[in-house]
Trainee: 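Okay, here's the structure, questions in a sec.
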Amino acid sequence: MVRTCDYPGCSNKDVADSPQSFHRFPVTDVALRKLWVLALGIHVDTKVEKIKKLRVCSAHFSDDDFLSTCPGQRQMKKRILKKSAVLAPQVNKTVAYQSECRASN
């Protein structure tokens with residue numbers, strides 16, 4: 001079974017030669033988990049058992065959210081998130097578009 005990114009609207013797949021890395025939700029850090037849940041638009045009371053199954057691809061994080069290799073070290077095969085990384089929030093494009101239309105009228 002091929003895993004896909006659970007970020008709304010993303011169709012990236014976790015396959016062998018994918019340029020993206022896939023990341024689990026932080027389940028032990030409650031405050032950080034809440035930030036991730038809110039960024040995805042998931043209800044904050046969603047059970048941890050369900051959240052444990054979700055994955056988000058690296059496309060939804062900034063380069064600063066990843067550990068970097070020091071000069072002289074081998075390049076990592078997969079990108080590793082910093083423990084403090086928070087994914088970019090989901091933007092409701094329909095609401096943004098409607099607001100722009102009202103502003104121009």
Side-chain angles (χ1 to χ4, degrees):
M1 180 171 107
V2 175
R3 182 178 303 278
T4 58
C5 178
D6 289 304
Y7 196 92
C10 184
S11 59
N12 289 332
K13 294 179 175 30
D14 189 7
V15 292
D17 56 348
S18 173
Q20 280 81 30
S21 51
F22 282 72
H23 307 278
R24 296 176 181 189
F25 271 62
V27 290
T28 56
D29 184 336
V30 177
L32 187 59
R33 180 179 70 223
K34 185 176 180 179
L35 291 174
W36 281 43
V37 165
L38 291 171
L40 252 68
I42 299 170
H43 194 277
V44 292
D45 293 330
T46 302
K47 295 192 182 290
V48 174
E49 292 77 27
K50 183 174 181 179
I51 291 172
K52 283 182 179 180
K53 296 176 185 178
L54 300 175
R55 302 292 184 274
V56 179
C57 76
S58 55
H60 309 292
F61 296 92
S62 73
D63 287 337
D64 292 336
D65 289 328
F66 293 93
L67 296 176
S68 59
T69 56
C70 295
Q73 283 186 327
R74 291 186 328 171
Q75 188 69 15
M76 293 181 266
K77 285 186 179 184
K78 289 284 185 177
R79 298 177 79 187
I80 299 172
L81 277 177
K82 293 177 181 175
K83 293 188 185 286
S84 61
V86 178
L87 57 106
Q90 172 66 21
V91 177
N92 187 333
K93 293 180 182 176
T94 304
V95 172
Y97 175 74
Q98 289 172 349
S99 297
E100 289 172 12
C101 289
R102 286 187 196 121
S104 64
N105 290 336

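The first residue of the sequence shown is numbered 1, and numbering continues consecutively from there.
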Trainee: Determine yes or no for a side-chain-to-main-chain donor-acceptor pair under 3.5 angstrom, with Trp36 supplying the side chain and Val27 the backbone.
Mentor: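 Absent.
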Trainee: Would you say that more than 12 heavy atoms from the other residues, nucleotides or ligands in this model lie under 6.0 Å from the NZ of Lys82, or not?
Mentor: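 Yes, NZ of Lys82 has more than 12 neighbouring heavy atoms, counting only those of other groups under 6.0 Å.
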Trainee: Grab the two heavy atoms, one from Cys57 and one from His23, that are nearest each other, plus how far apart they are.
Mentor: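 For Cys57 and His23, the tightest heavy-atom pair comes out as C-CD2, 4.4 Å.
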Trainee: Check Leu32 against Ala85 and note the closest heavy-atom contact, atom names and distance.
Mentor: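 Where Leu32 meets Ala85 most closely, the heavy atoms are CD1-O, 3.6 Å.
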Trainee: To the nearest 0.5 Å, tell me how far Ile42 CD1 sits from Phe25 CZ.
Mentor: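 Those atoms lie 4.5 Å apart.
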Trainee: Drop me the distance from Lys83's NZ to Thr28's OG1, to the nearest 0.5 angstrom.
Mentor: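 Spacing of NZ (Lys83) from OG1 (Thr28) equals 8.0 Å.
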Trainee: Do you know which two heavy atoms are closest between Leu40 and Tyr7, and how far apart they sit?
Mentor: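 Result for this residue pair: CD1-CD1, 3.6 Å.
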Trainee: Going by the side-chain contact (heavy atoms from CB on, under 4.5 Å) test, name the single residue among Asp14, Leu54, Val15 that passes it with Arg3.
Mentor: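 Single pass found, and it is Asp14.
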Trainee: If a pair satisfies salt bridge (charged side-chain N to carboxylate O under 4.0 Å, His left out) and one of its residues is in residues 50-63, list it, with sequence neighbours excluded.
Mentor: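 Non-adjacent pairs meeting salt bridge (charged side-chain N to carboxylate O under 4.0 Å, His left out): Asp63-Arg79.
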Trainee: Which distance, rounded to the nearest 0.5 Å, do you find between the OG of Ser18 and the NZ of Lys13?
Mentor: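 Separation between the atoms: 10.5 Å.
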Trainee: Name all residues meeting the side chain to side chain donor-acceptor pair (under 3.5 Å) criterion together with Asp65; count only those two or more places apart in sequence or in a different chain, and write none if there are none.
Mentor: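 Counting only residues at least two positions away or on another chain, Asp65 forms a side chain to side chain donor-acceptor pair (under 3.5 Å) with Ser62.
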Trainee: Kindly give the heavy-atom pair with the smallest separation between His43 and Val37, and that separation in Å.
Mentor: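 Between these two residues, the closest heavy atoms are O-CG1, 3.5 Å.
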Trainee: Quickly, which of Leu81, Leu35, Leu38 forms a side-chain contact (heavy atoms from CB on, under 4.5 Å) with Val86? Name it, please.
Mentor: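 Single pass found, and it is Leu35.
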Trainee: Rounded to the nearest 0.5 Å, how far apart are CD of Gln20 and SG of Cys5?
Mentor: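 So the gap between those two atoms works out to 8.5 Å.
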